[in-house]
Amino acid sequence: MKKSALVALAGIAAVSVALTGCGRTDPGTEGGDDAAGFAADASIGVALPDQTSENWVLAGDLFENGLEEAGFDGNVQYAGSSNAVGDQQQQIQTMIDSGVEVIVIGAADTNQLAAQLEAADAAGVTVIAYDRLIQNSDLVDYYVAFDNFHVGELQAQSLLEGLEERFPGQEPWNVELFSGSADDSNSAVFFDGAMSVLQPAIDDGTINIVSGQTSVQQTATEDWAAENAQNRMDTILQTSYQGIQLHGVLSPNDNLARAILTSADNAGLETPVVTGQDSEVASVESIVAGVQYSTIYKDTRALVAATIDMVSQLQAGEEVTTTGESDNGVTEVPSNLLEPVIVTQANAAEAYAENPDLEPLTQP
Ligand code: BGC
């Protein structure tokens, strides 16, 4: 809690602390230092990366409305795409200077916020990492996300199921692997989750990575940019797939999945099994039409609601809801991890039944 606010709110804070009996109430964590009870109409900063996926756009709108409904003064900012890291660093500093109590950060680069977290700590601002875990800092107070390792596991399981479904009896299946941007700590977590399922299938010869590119570095997609995935797929098809069918591709998200499918289509291949993530409108349509094989549903409404709940718990000085801890390289960050859902043509209607934007796409 900020010292100035503490003085101003001494009366309220005293009552709140007396009622709750303590300051920070989550047990046994090193990450945090502050945060128990602040003004009910406090300013809350939300710093989101550039809008590389629909979920970021939706999150911004939901934070604007949800924070206001919860009585807070929300300040939502996106980093621009040309200088996203610098923009975000600047935006966070400005939020701290303006007196926010909490900053929710969807990091543009999960390794480049050290100075901003120092400044937040000095000002007594609580930092919640949103969706992407900020690395190598013991000043991240909380992390709210979907279980990203499980996202990767689900993607890989659906890839194997899809291969069996679309190309039965054609083992070894020819497969290529894609991972996300190296500046996003989620990329390696998704990939590790997927490889925990795929490595045994590579080892026993069920799938064959024809390009031989199997590390997270070799498979990375800079900036999560669709054109980078399409270029890499084009190159691999030209160099390794002359006269060979590509059966499947591990794609870490929908935006890249559609680029990969375009590349395979341009090469005149039978549609390979391609995974995804985010339940983007164009990909849900593609899945329903039988083209993209799967996606992951990470309901952004649930993630934003869980984050705002956390802010409200901090405001009230209540115990913060956590499901466990996540290792960011130097510390275990108290985390609230939600469960992702795998979606294919078979369960799309059921999976999106409660989502008014996506459910209509699943109807014939
Ligand atoms: C998010 C994904 C998203 C990707 C690109 C990741 O950190 O978890 O949902 O597809 O960033 O924006």
Side-chain angles (χ1 to χ4, degrees), residues 46-60 62-63 78-81 84-85 87-88 104-113 128-135 140 143-155 178-194 216 219-230 249-260 274-284 286-287 292 294-304 306-307 326 328 333 335-343 355 358:
V46 180
L48 297 174
D50 60 7
Q51 302 173 24
T52 41
S53 296
E54 284 172 10
N55 54 352
W56 295 116
V57 180
L58 182 57
L62 292 167
F63 272 119
Y78 283 98
S81 52
V85 175
D87 280 0
Q88 189 170 64
V104 175
I105 303 177
D109 183 323
T110 46
N111 267 309
Q112 297 209 52
L113 290 170
I128 301 177
Y130 173 86
D131 186 78
R132 299 173 170 175
L133 182 55
I134 300 167
Q135 299 295 296
V140 185
Y143 178 44
V144 187
F146 283 85
D147 180 340
N148 291 319
F149 189 86
H150 193 42
V151 166
E153 291 177 314
L154 290 171
Q155 289 172 330
F178 282 71
S179 55
S181 194
D183 56 11
D184 175 359
S185 54
N186 280 352
S187 299
V189 182
F190 297 143
F191 193 73
D192 289 348
V216 70
T219 57
T221 309
E222 194 180 348
D223 293 336
W224 286 100
E227 65 261 34
N228 292 336
Q230 191 164 336
V249 181
L250 174 77
S251 166
N253 82 356
D254 285 347
N255 197 23
L256 307 190
R258 296 194 301 274
I260 289 162
V274 181
T275 62
Q277 166 169 214
D278 294 336
S279 297
E280 297 205 340
V281 169
S283 284
V284 172
S286 175
I287 289 168
Q292 184 174 326
S294 66
T295 186
I296 297 282
Y297 186 32
K298 303 190 301 185
D299 187 351
T300 303
R301 299 168 309 167
L303 192 59
V304 170
T307 311
S326 305
N328 78 344
V333 182
S335 304
N336 187 9
L337 300 187
L338 313 188
E339 278 297 303
V341 173
I342 187 77
V343 182
N355 186 316
L358 298 178

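Each ligand, and each atom within it, is numbered from 1 in the order the structure gives.
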Original post:
Got a second to check how far Ser181's OG is from Asn253's CG, nearest 0.5 Å?
Top reply: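 Rounded to the nearest 0.5 Å, the OG-CG separation comes to 10.5 Å.
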Original post:
Tyr130 and Phe63: aromatic ring centres closer than 6.0 Å?
Top reply: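 Centroid distance Tyr130-Phe63: below 6.0 Å, so yes.
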What are the atoms of ligand 1, with element, lying closer than 4.0 Å to any heavy atom of [X]?
X      : value
Trp56  : 12 (O)
Phe190 : 8 (O)
Arg132 : 4 (C), 5 (C), 6 (C), 7 (O), 11 (O), 12 (O)

**OP:** With sequence neighbours excluded, tell me which residues meet salt bridge (Lys or Arg N to Asp or Glu O under 4.0 Å) with Glu280.
**Re:**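 In terms of salt bridge (Lys or Arg N to Asp or Glu O under 4.0 Å), with neighbours along the sequence ignored, Glu280 is linked to Arg258.
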Original post:
Does CD in Glu339 sit with more than 12 non-hydrogen atoms of other residues, nucleotides or ligands closer than 6.0 Å?
Top reply: yes
**OP:** Could you find the nearest protein heavy atom to atom 9 (O) of ligand 1 and give me its residue, atom name and distance?
**Re:**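 Closest protein heavy atom to atom 9 (O) of ligand 1: Asp278 OD1, 2.6 Å.
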**OP:** Identify which of Asp184, Asn55, Val151 has a heavy atom lying nearest to atom 6 (C) of ligand 1.
**Re:**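 Of the listed residues, Asp184 has the closest heavy atom.
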Original post:
Side chain of Tyr78, backbone of Val57: donor and acceptor closer than 3.5 Å?
Top reply: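 Yes; at least one donor-acceptor contact below 3.5 Å.
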Original post:
Polar-atom distance check: Asp131 versus ligand 1, any N or O pair below 3.5 Å?
Top reply: yes
Original post:
For ligand 1, which part of Tyr130 has a heavy atom less than 4.0 Å away: the side chain, the backbone, both, or neither?
Top reply: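 Looking at Tyr130 and ligand 1, no heavy atom falls under 4.0 Å.
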**OP:** For Pro49 and Ala108, work out which heavy atoms get closest and say how close.
**Re:**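 Heavy atoms only, the tightest pair is CB-CA, 3.9 Å.
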